[in-house]
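A quick note: this is a predicted structure, and the numbers were derived from the prediction, not measured. In what follows, every chain begins at residue 1, and chains take the letters A, B, ... in the order their sequences are listed. Side chains included, hydrogens not; waters and symmetry mates left out as well; all remaining heavy atoms used.
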Amino acid sequence: MDVKFKILRFDPDKDKKPHWESYQVEMEPTDRVLDGLELIKGRVDGTLGLRRSCAHGVCGSDAMLINGKNLLACKVLVKSLPQPITIEPMRGFNVLRDLIVDMEPFFAKYRAVKPYLIEKDERPEHKERLQSPADREKFEDTTKCILCGACTTSCPSFWANPDYVGPAAIVQAHRFIFDSRDQGKEERVEVLDGRDGVWRCRTVFNCVEACPKGINVTKAIGEVKQALSKGELDPPK
Amino acid sequence: MTTANNYGSRQRPTQGIERYAWVFMRLSGLALLILALGHLFIMHVFNSVHNIDYNFVAARYERLFWRVYDMAMLWLALIHGMNGLRTIVDDYTRGAVRVWTVRSLYIGGIFLLAVGSWVIICFKPVAAAGGMH
Ligand code: SF4
Ligand code: FES
């Protein structure tokens, strides 16, 4: 089947503004959008810039705006989309080239919430840290995040204010805050409780719709808000 | 290249102001649901503009309960509304515009609170004003 694509192209060396280009390629209906983009890059126009790595919805590098929605190009079949399929880079980040955006601010926020296990007590020697299945369940959903950025770049609050820490970083903070083995809760509070922390979330729910991993992002943010307002994350007095 | 600041959160500490504002919005919202519905039913369903007059208000304000009721509604509704506006301003404006809009919201809010509270506290029925019988 013939598949038509409309891609928003931008080359900072040549273009003042992004512009649309149309392409048509022969594909199987069960091929994915990513296959189409690879075909275009391989056969039609080698200058097309995009990121991808695993091609199986695991690495999170190919989130983009497909027909106006944040999706992973490697997870959508072309037959499920009306044509022409429009492709744009994610919104709210600087475009470096074509579909490649500057993710550095995104990862800076990720690092800011200290997304790793913080232990204060002595590490148990030759022993694992035990956790009950019920405690494990508390952060099950947020372990699935692949840091694709689809949630943050679909969030109107983030578009309005790029300083907002954003849903993805809060999901990552949630993963450790609600882990019974973690002891660094109060170290994350400064970022989450600040002017540009969780309180900038206006429960728009775009992030839930955007997440390719089906994480209930708004619920996770709500749980962090609740824990903060109950003072559960404050440093012990 | 312009990027957001280093970690997505201004270092200026907020001492949990936003946290308390968030909790306040939820609690005042709940309280207002009851207060405002009560107000609506008393003023516009059980009574109407046809029988609400100066005497009605004066009779009501004989009782401390209604003054407290109105005072609670005034403070909660005004601060709730003003904080909502502040939130929107905070989302959509930057720099000096934001600072001055938020300042004028504070000034306007404090002024309205003061005038409203003054009326509720100091109201005394005046026979001459509308015929206290
Ligand atoms: S929460 Fe979902 S949408 Fe957001 S970065 Fe993680 S995987 Fe992507
Ligand atoms: S290429 Fe890895 S998630 Fe799509």
Under 6.0 Å from the CZ atom of B:Arg103, do we count more than 12 heavy atoms belonging to anything else shown?
yes
Of the non-hydrogen atoms in B:Glu18 and A:Arg195, which two are nearest, and what is the gap between them?
CG-CA, 4.3 Å
What part of A:Arg202 gets within 4.5 angstrom of chain B, counting heavy atoms only: side chain, backbone, both, or neither?
side chain
Please classify the contact of A:Val113 with chain B as side chain, backbone, both or neither, using a heavy-atom distance under 4.5 Å.
neither
More than 12 foreign heavy atoms under 6.0 Å from CD of A:Glu186: is that the case here?
yes
Answer with side chain, backbone, both or neither: which region of A:Ser157 has an atom nearer than 4.5 Å to a non-hydrogen atom of chain B?
side chain
Kindly say whether A:Asp193 contributes a backbone atom to a donor-acceptor pair with the side chain of B:Arg19 at under 3.5 angstrom?
no
Counting only heavy atoms not in A:Lys219, do more than 12 sit closer than 6.0 Å to its NZ atom?
no
Considering residues, nucleotides and ligands other than B:Phe24, do more than 12 of their heavy atoms fall under 6.0 Å from its CZ?
yes
Any side-chain heavy-atom pair of B:Asp91 and A:Arg200 under 4.5 Å:
yes
Near B:Tyr92 OH, under 6.0 Å, is it more than 12 heavy atoms from other residues, nucleotides or ligands?
no
